[in-house]
Amino acid sequence: MNPDFRTYPDQRIIGSRAFTSGVHETRGCFDPALFHAVLRGEIVAYVARDVFPAEACARVSDAFLATPGRYVYDVHPPIEAVGQPLFRAEPGWRDEYFDMAPIHRQQLAGVFARAGVPDAVEKIVSAVKAYFADLRVTARAIRHGARDGFYGIMRRWGAHSSGPAIPAAGLHEDRTQLRAHAGLETHRALHNVLASTCVYYGNGEHGGALRIFDLRPSVGDAALEELGSRGYGYPWSLAEGCRELVIQPRAGDVVTFFSDFLHSVDGISRGQRINSAFFASFDGLTRDTVFLWS
């Protein structure tokens, strides 16, 4: 490994190199070193296949559907979630997020308790924390004052009658959310790679593919910033002619990808897509901390 792993070259160089490096896969285990490679911008995605048994994933999916009080995103098709995302537009969103974080963690733990299986997110995060501890780096939840944030939000996309014609998630990138809210620890990660990790408990019988496009909206590009202000969904014309990587997740897989790139999720014609997800990025000030949040 590059001993100077806390330094970051030009972001455009990182993006070009990462996309060319493509997708790396392992089977039956999750390798934190490849998670780190995404976080470093060395590869665009890491897919750990068959990390969790299919039977356990089915039990988690059933437990999720039995969980009351699920949060519903105001998008189409609708997305249901256990736990709420950090970046929302409602007044008082920040205090509500941190005030509710202990409840969200308890609610998520309840899903796994009902399923009778270990918390898959905590298993992944524990491996990440141990790996970075050996490098004298702390991986932890984002904080505001003395309050810890929440990571591991669990989400469900149902099948739609139009199937793949209606994307489960439109064309978007996750950096826009990070730029929009100064005053949080995540703002210190603004110029570093943003990685999204998803643990899949079900991905529908047809559809649900993750598509990553070789285009990263630039912080300094006013036109793309204006498009980004629309939030969840850039115009599809923006990705025309771009190189594309397609990942078809299955139940039991863990996918970590460089989510500064424009990406989308295909619609689902049968079944449902259920996963847990969290974001990660290096602290750009001290570079001895990896922030985690949902």
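All of these numbers come straight from a predicted model, not from anything done at the bench. Hydrogens, waters and symmetry mates play no part in the numbers below; they use all other heavy atoms, side chains included.
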Checklist line | Residue pair Tyr201 / Arg59, side-chain donor-acceptor N/O under 3.5 Å | finding: no

Item checked: Shortest non-hydrogen contact from Gly22 toward Ile43 -> O-CB, 4.0 Å

Notebook entry, point to check: In Å and rounded to the nearest 0.5 Å, what is the OH to OG distance from Tyr200 to Ser276?
Noted result: 11.0 Å

Next item on the list: Say whether Tyr97 and Ile103 are linked into one hydrophobic cluster, either directly or through other cluster members, by side-chain heavy-atom distances under 4.5 angstrom.
Entry: no

Checklist line | Ionic contact status for Arg114 with Asp62, cut-off 4.0 Å | finding: no

Note to self: Which residues pass the side chain to side chain donor-acceptor pair (under 3.5 Å) test with Thr138, not counting sequence neighbours?
What the structure shows: none

Checklist line | Audit row: Val38, Val44, side chain to side chain contact (heavy atoms under 4.5 Å, CB included) steps and yes/no | finding: CA-CA 6 Å; Val38 176; Val44 72; over 6 Å; no

Next item on the list: Taking the six-membered ring for Trp and the full ring for Phe, Tyr or His, determine whether the centres of His263 and Phe213 are under 6.0 Å apart.
Entry: no

Next item on the list: Verify, without hydrogens or angle tests, whether Gln84 (side chain) and Met100 (backbone) share a donor-acceptor contact under 3.5 angstrom.
Entry: no

Notebook entry, point to check: Do the side-chain N and O atoms of Ser196 and Ser259 include a donor-acceptor pair separated by under 3.5 angstrom?
Noted result: no

Item checked: Spatial distance of atom CZ (Phe258) from atom CD (Glu173) [nearest 0.5 Å] -> 11.0 Å

Check: Once the angle between the rings of Phe35 and Phe278 is folded into 0 to 90°, is it parallel (under 30°), tilted (30 to 60°) or perpendicular (over 60°)?
Finding: tilted

Notebook entry, point to check: If you round to the nearest 0.5 Å, how far is CZ of Arg243 from CZ of Phe261?
Noted result: 8.0 Å

Check: Any chance the rings of Trp293 and Phe279 have centres within less than 6.0 Å?
Finding: yes

Margin query: Using a 3.5 Å distance criterion without hydrogens, assess whether the side chain of Thr256 forms a donor-acceptor pair with backbone atoms of Thr197.
Written below: no

Check: Can you tell me if Arg70 uses its side chain to pair, donor with acceptor, with the backbone of Leu65 under 3.5 Å?
Finding: yes

Next item on the list: For the pair His36 and Phe282, name the ring-plane relationship: parallel under 30°, tilted 30 to 60°, perpendicular over 60°.
Entry: tilted

Notebook entry, point to check: Rounded to the nearest 0.5 Å, how far apart are SG of Cys198 and CZ of Arg273?
Noted result: 6.5 Å

Notebook entry, point to check: Rounded to the nearest 0.5 Å, how far does OG of Ser281 lie from CG of Leu39?
Noted result: 6.0 Å

Note to self: Walk me through whether Asp266 and Arg211 qualify under side chain to side chain contact (heavy atoms under 4.5 Å, CB included).
What the structure shows: CA-CA 8 Å; Asp266 287 358; Arg211 297 181 181 272; 2.8 Å; yes

Note to self: What I want to find out is whether Asp288 reaches Arg136 closely enough, with some N-O distance under 4.0 Å, to be called a salt bridge.
What the structure shows: no

Next item on the list: Using a strict 4.0 Å threshold on nitrogen-to-oxygen distance, state whether Glu185 and Arg140 make a salt bridge.
Entry: yes

Check: Are Arg49 and Glu25 close enough for a salt bridge, meaning some N to O gap below 4.0 Å?
Finding: yes

Next item on the list: Just do the side chain to side chain contact (heavy atoms under 4.5 Å, CB included) check on Tyr71 and Val82 with the steps written out, would you?
Entry: CA-CA 6 Å; Tyr71 178 81; Val82 170; over 6 Å; no

Next item on the list: Quick one: sort the Tyr46 and Phe30 rings into parallel, tilted or perpendicular, breaks at 30° and 60°.
Entry: tilted

Notebook entry, point to check: Is the shortest side-chain N to carboxylate O distance from Asp95 to Arg147 below 4.0 Å?
Noted result: yes

Check: With distance as the sole test, does Arg105 use its side chain to make a donor-acceptor pair with the main-chain N or O of Gly149 at under 3.5 Å?
Finding: yes

Checklist line | Minimum-distance pair of heavy atoms, taken over all atoms of Met154 and Phe64 | finding: SD-CD1, 3.3 Å

Notebook entry, point to check: Excluding sequence neighbours, so at least two apart, what forms salt bridge (Lys or Arg N to Asp or Glu O under 4.0 Å) with Arg143?
Noted result: Asp148

Margin query: Checking the side chain of Gln107 only, and the main-chain atoms of Pro68 only, is there a donor and an acceptor separated by less than 3.5 Å?
Written below: yes

Next item on the list: Kindly say whether Asp260 contributes a backbone atom to a donor-acceptor pair with the side chain of Asp174 at under 3.5 angstrom?
Entry: no

Checklist line | Neighbour count above 12 (heavy atom, 6.0 Å) for Lys123 NZ | finding: no

Check: Distance from Thr26 atom OG1 to Asp253 atom CG, nearest 0.5 Å?
Finding: 9.5 Å

